[in-house]
Amino acid sequence: MHPCAKCATIQKTCCQQAEIVLTVGDVSRIEAYAGKSREDFSEYRAPTDPAYAEADAGDPNWLAYTTRPDGTRHVLKRQENGDCTFLGSKGCVLPTEVRPLVCRLYPYTYNEQRITGSDEEYCPVSRVAPPGLTMLTVLGMSADDGERWRRTLYEELRAEAHQRTPNSRIGH
């Protein structure tokens, strides 16, 4: 069983607790793969966790990139039980290269300049990984893939932020 599927049975995964921010690119990739319209799987809403609305000193542009002037963000919808709309019995039903970029990157931590480490806050590591292994190892995550996804995430976020506020100084 895939580690993410094991986590899903424990009910403590990123797919069940985190609010997943979407880029326009994420939405396009999901629409093309799933044959659904964006309204079926995404919405604009204010963060339900106040921590998501706070500025991050390690990533000063994150809020500007992800939050609209009305305080809402483009996020994945959730099922009635709180699970991500794409969480199935065996984990995520989307192929890796279709998943939202922030999902692909987890549990890497990152900012606009680089990958900064990993944080397994939403991973019950001790219940799904052999002793001494990290989730990055268990998931077989490549640093090269992580960097590619981080770079793509910020390219897409910057492009969207500049479309919202064409004369802004974001990212300069």
- Task: Verify the cluster assignment for V24 and L105: are they in a single hydrophobic cluster under the rule of side-chain heavy atoms below 4.5 Å apart?
- Result: no
- When hydrophobic residues are tied together by side-chain contacts of less than 4.5 Å, even through go-betweens, does Y33 share a cluster with L22? yes
- Task: State the CG-CG distance between D26 and L94, to the nearest 0.5 angstrom.
- Result: 10.0 Å
- Note on the structure: One should read off an interatomic distance between I20 CD1 and C103 SG, to the nearest 0.5 angstrom, of 4.0 Å
- Of the options T67, L153, T66, L76, which is the one that meets V21 in a side-chain contact (heavy atoms from CB on, under 4.5 Å)?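 Of T67, L153, T66, L76, side-chain contact (heavy atoms from CB on, under 4.5 Å) with V21 is met by T66 alone.
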Identify the heavy atoms of [X] and [Y] that sit nearest to each other, and give their distance.
| X | Y | result |
| --- | --- | --- |
| G71 | P47 | O-CD, 3.6 Å |
| A64 | A161 | O-CB, 4.1 Å |
| R99 | C92 | NE-SG, 3.4 Å |

- Message: I'd like to check the side chain to side chain donor-acceptor pair (under 3.5 Å) partners of T72; sequence neighbours left out, ordered by chain and number.
- Response: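 Scan of T72 (side chain to side chain donor-acceptor pair (under 3.5 Å), adjacent residues dropped) gives R68, D70.
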- Message: Holding to side chain to side chain donor-acceptor pair (under 3.5 Å), I want the full list of residues that pass it with S42, two or more places apart in sequence or in another chain.
- Response: H74
- Message: So P100 and V27, do their side chains get closer than 4.5 Å, heavy atoms only?
- Response: no
- Item | Beyond-backbone contact of V102 with Y110, side-chain heavy atoms, under 4.5 angstrom | yes
- Message: Assess the residue pair T109 and I115 against the criterion (side chain to side chain contact (heavy atoms under 4.5 Å, CB included)); give the C-alpha distance rounded to whole Å, side-chain angles, the decisive distance to 0.1 Å, and a yes or no.
- Response: CA-CA 6 Å; T109 56; I115 288 179; 5.7 Å; no
- Item | Under-4.0 Å salt bridge between E31 and K36 |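 No, this pair does not count.
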- Task: Please step through side chain to side chain contact (heavy atoms under 4.5 Å, CB included) for the pair R29 and T23, ending with a clear verdict.
- Result: CA-CA 10 Å; R29 288 183 288 274; T23 67; 4.0 Å; yes
Does [X] have any side-chain contact (heavy atoms from CB on, under 4.5 Å) partners at least two apart in sequence or in another chain, and if so, which?
| X | value |
| --- | --- |
| E97 | R104, R148, W149 |
| D59 | D56, W62, N111, E112, Y154 |
| V93 | F86 |

- Query: Donor-acceptor pair, E147 side chain versus S142 backbone, under 3.5 Å?
  - Reply: no
- Message: As a quick check of understanding, evaluate side chain to side chain contact (heavy atoms under 4.5 Å, CB included) for R158 and Y65, giving each step before the final call.
- Response: CA-CA 6 Å; R158 279 191 298 272; Y65 288 163; 3.2 Å; yes
- Task: Could I get the full list of salt bridge (Lys or Arg N to Asp or Glu O under 4.0 Å) partners for R45, not counting sequence neighbours?
- Result: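 By the salt bridge (Lys or Arg N to Asp or Glu O under 4.0 Å) rule, R45 matches E19, E43.
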